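The structure appears below as structure tokens.
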There are 2 protein chains.
Amino acid sequence: MTQEPPPVPSGRIGYLLARAGGRAIRNLNRALEPYGLRSRHYTVLSASAEHGGLSQRELGLVLGADPSAVVALVDDLQRKGLVRRDPHPEDRRTRLVVVTEEGARTLAETRKLARGVDDELLADLGPAERRTLEELLLRLR
Amino acid sequence: MTQEPPPVPSGRIGYLLARAGGRAIRNLNRALEPYGLRSRHYTVLSASAEHGGLSQRELGLVLGADPSAVVALVDDLQRKGLVRRDPHPEDRRTRLVVVTEEGARTLAETRKLARGVDDELLADLGPAERRTLEELLLRLR
DNA sequence: TATTGTTATACTCTATAACTATA
DNA sequence: TATAGTTATAGAGTATAACAATA
């Protein structure tokens, strides 16, 4: 019976990122279950709110997801009354995803859950280390 | 037409991790295509080689995957002759996943690809920053 | 009783191609 | 011709439950 902790493949930053990221996503999914939402819904909601409305193409870029995947996510949020699809003032092809008042309320509540998941993930890091990590992550390609 | 780069939801380290990790995984999958392998196969190969043989249960912990998912991955690698399932000397339930000579050769080649994916991801970071990032990632829960 | 590996299965995610309406 | 959104669909990935062999 082996007792050692599982080893980690050397020189694989991508692997470490994906493993920790996957864990964070799974934890947030679990936390969002009572709302009938998943982490990607939260990201759509959060990104739309911060920008005051985003096209679905832009949301795809934020999520790193295919536009076809965005459609289903926005459908879900719209069905729950958390976002609207407004016409774009200049381009009639484009539809702006705008957070409703109820969406803003849900966002405020779920943001706490998202922060909680991050706090758990980063529990062993100090505030300065946490900032360093975030800064480095933002500079990845 | 909006010209700004897509914004990132604030205070979401888990999100940043998952996004960068997902990109790294996709890039490695693409690079491994000529070998008929995917990034999870590479991780199994790499972890087994470093430890000199791992049980499938341990591989599941390394991958952060269900044991049932490990079975299929090891099946694939065994079919290609890159790993063997050896009996465990002390526990007859357990089967040790051991890298074959051909597996070691494939690992040496694909390791270069994995390093290349990491290098691309980290192109904007200096060596010290890169070490810092890796160290912080290893301390995440 | 608990654990390792296995199978089957269902569900989610992701990726692709084709279509429409607009530009 | 190119782009935004949409639909349908196939393929990966993930999770769960049940089972046999072994502890």
Side-chain angles (χ1 to χ4, degrees), chain A residues 1-3 6 15 18-19 21-30 32-33 36-44 53-79 83-97, chain B residues 1-3 6 18-19 21-30 32-33 36-44 48 53-78 83-98:
Chain A
M1 188 71 84
T2 8
Q3 295 290 355
Y15 163 82
R19 197 158 91 115
R23 232 177 305 143
I25 296 297
R26 274 191 296 274
N27 289 343
L28 185 53
N29 280 341
R30 239 190 306 276
L32 290 175
E33 224 163 44
L37 299 175
R38 300 182 70 79
S39 52
R40 312 218 108 195
H41 295 113
Y42 171 79
T43 306
V44 168
L54 274 176
S55 74
Q56 298 187 194
R57 196 193 114 270
E58 290 169 315
L59 284 172
L61 290 174
V62 173
L63 289 161
D66 198 83
S68 64
V70 177
V71 173
L73 291 170
V74 175
D75 281 351
D76 293 340
L77 291 169
Q78 195 172 29
R79 209 174 303 120
V83 301
R84 289 193 312 270
R85 281 190 240 233
D86 284 355
H88 191 288
E90 293 162 31
D91 186 338
R92 282 195 295 167
R93 292 174 306 181
T94 302
R95 313 176 71 178
L96 289 178
V97 176
Chain B
M1 187 71 86
T2 6
Q3 295 289 352
R19 196 159 91 116
R23 232 178 305 142
I25 296 297
R26 275 192 295 275
N27 288 343
L28 184 53
N29 281 341
R30 240 190 305 276
L32 290 175
E33 224 163 44
L37 299 174
R38 300 181 71 78
S39 51
R40 311 220 107 194
H41 296 112
Y42 172 80
T43 305
V44 169
S48 301
L54 274 176
S55 75
Q56 297 185 195
R57 196 193 113 271
E58 290 169 314
L59 284 171
L61 291 173
V62 173
L63 289 161
D66 198 84
S68 64
V70 177
V71 173
L73 291 170
V74 175
D75 280 351
D76 294 339
L77 291 169
Q78 196 172 29
V83 301
R84 289 192 313 269
R85 280 191 242 235
D86 284 356
H88 190 287
E90 293 161 32
D91 186 338
R92 281 195 296 166
R93 292 174 306 181
T94 303
R95 312 176 71 180
L96 289 178
V97 176
V98 177

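These figures come from a predicted structure and were not determined experimentally.
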Rounded to whole angstroms, how far apart are [atom1] on [X] and [atom2] on [N]?
X: B:H88; N: C:dT4; atom1: NE2; atom2: P; result: 10 Å
X: A:D75; N: C:dT12; atom1: CG; atom2: C1'; result: 16 Å
X: A:I25; N: C:dC11; atom1: CD1; atom2: P; result: 22 Å
X: B:Q78; N: C:dT6; atom1: CD; atom2: P; result: 9 Å

Open item on the list: If you assign each of B:R95 and A:A69 to its closest nucleotide in DNA chain C, which residue comes earlier from the 5' end?
Closed with: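 Per heavy-atom nearest nucleotide, the more 5' residue is B:R95.
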
- [ ] Please figure out whether A:V70 or B:N29 has its closest DNA chain D nucleotide nearer the 5' end.
- [x]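 Looking at the nearest nucleotide for each, A:V70 comes out on the 5' side.
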
Which nucleotide wins on minimum distance to the side chain of [X], given the candidates [options]?
X: A:D66; options: D:dT6, D:dA4, C:dT16; answer: C:dT16
X: A:Q56; options: D:dT6, C:dT7, D:dG13; answer: D:dT6
X: A:T94; options: C:dT22, C:dT12, D:dG5; answer: D:dG5
X: B:R26; options: C:dA15, C:dT14, D:dG5; answer: C:dA15
X: A:R38; options: D:dA12, D:dT6, C:dC13; answer: C:dC13
X: B:R93; options: C:dT3, C:dA23, D:dT6; answer: C:dT3
X: A:V71; options: C:dT6, C:dT4, D:dG5; answer: D:dG5

Open item on the list: Does B:R92 contact D:dT22 through a side-chain donor or acceptor facing the base, at a distance under 3.5 Å?
Closed with: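 In this structure, the two groups form no donor-acceptor pair.
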
- [ ] Indicate, yes or no, whether a donor-acceptor pair under 3.5 Å links the base of D:dT16 to the side chain of B:S68.
- [x]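 Donor-acceptor pair under 3.5 Å: yes.
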
Task: Heavy-atom donor-acceptor pair, A:N29 side chain to A:R38 backbone, under 3.5 Å - done: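 Between the backbone of A:R38 and the side chain of A:N29 there is no qualifying donor-acceptor contact (under 3.5 Å).
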
Task: Under 3.5 Å: donor-acceptor pair, side chain of A:R19, backbone of B:V62 - done: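 Checked: pair present.
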
Task: A:Y15 versus B:L63, closest heavy-atom pair with distance - done: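 Distance-wise, the nearest heavy atoms are OH-N, 4.3 Å.
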
- [ ] Taking only the side-chain nitrogens and oxygens of B:R30, find out if one of them lies under 4.0 Å from OP1 or OP2 of C:dA15.
- [x]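 For C:dA15, neither OP1 nor OP2 has a side-chain N or O of B:R30 closer than 4.0 Å.
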
